[in-house]
Amino acid sequence: MIKHYPCRTFCCLLVMLCSMSVGYGQETHHKILKKVPVPYPQALKDKGIQGDVRLKVFIKQDGSVKNTELLGGNPILAESAQKSVSQWKFSPGNSETTEEVLVHFDPAAK
């Protein structure tokens, strides 16, 4: 007759899951080394159009930007944000990664 010990089974599964997550818990945050200023389109600034643009930035292993994707925010400000962020330089990493970047447009800011 085989005895079943639910507590042992649970503990074994818990240990296995914890050890698996260690390999996937890599730091993905890259430091920004070169930040090209994002120009505020004068016509939009004059009209008081403001807002945030959220971008997903695809970063190559060498730290250069491969591509950007609009995640949310004001679409008429997105082109200006994407054009500038595409020129940013991040710290190099072990592989290609993604970062989320928030660009804020405020007509009152200098």
Gap between atom NZ of Lys56 and atom CD of Glu99 - 0.5 Å precision: 11.5 Å
So how far is it from Thr98 OG1 to Asn67 CG, rounded to the nearest 0.5 Å? 11.5 Å
Test log, rule side-chain contact (heavy atoms from CB on, under 4.5 Å), inputs Leu55 and Leu70: CA-CA 5 Å; Leu55 299 174; Leu70 180 62; 4.1 Å; yes
Are Tyr40 and Val36 linked, directly or through intermediate hydrophobic residues, by side-chain heavy-atom contacts shorter than 4.5 Å (ILVMFWY only)? yes
Under the 3.5 angstrom rule, does the side chain of Ser80 hit a backbone N or O of Pro39 as a donor-acceptor pair? yes
Full working for side-chain contact (heavy atoms from CB on, under 4.5 Å) between Leu102 and Val53: CA-CA 6 Å; Leu102 181 69; Val53 175; over 6 Å; no
Decide whether Gln82 and Thr68 meet the rule of one side-chain donor and one side-chain acceptor closer than 3.5 Å. yes
Are the side chains of Lys60 and Lys66 in contact, using a 4.5 Å heavy-atom criterion? yes
Decide yes or no for Leu44 and Ile76: does some side-chain heavy atom of the first lie under 4.5 Å from some side-chain heavy atom of the second? yes
Using atom types as modelled and distance alone, determine if a side-chain donor or acceptor of Glu96 lies under 3.5 Å from a backbone N or O of Ile59. no
How close do Val85 and Val65 get, heavy atom to heavy atom, and via which atoms? O-CG2, 3.4 Å
Go through Phe90 and Leu33 one step at a time and tell me if the side-chain contact (heavy atoms from CB on, under 4.5 Å) criterion holds. CA-CA 5 Å; Phe90 293 83; Leu33 301 177; 5.9 Å; no
Minimum side-chain heavy-atom gap Lys45-Pro107 below 4.5 Å: yes
For Lys89 against Ser64, the heavy-atom pair lying closest together: NZ-N, 3.9 Å
Working to the nearest 0.5 angstrom, can you tell me the gap between Ile49 CD1 and Leu77 CG? 7.0 Å
Over all atoms of both residues, closest heavy-atom pair of Gln50 and Phe105: CB-O, 3.2 Å
Side-chain (Trp88) to main-chain (Ile32) donor-acceptor, under 3.5 angstrom: no
Any side-chain heavy-atom pair from Asp106 and His104 closer than 4.5 angstrom? yes
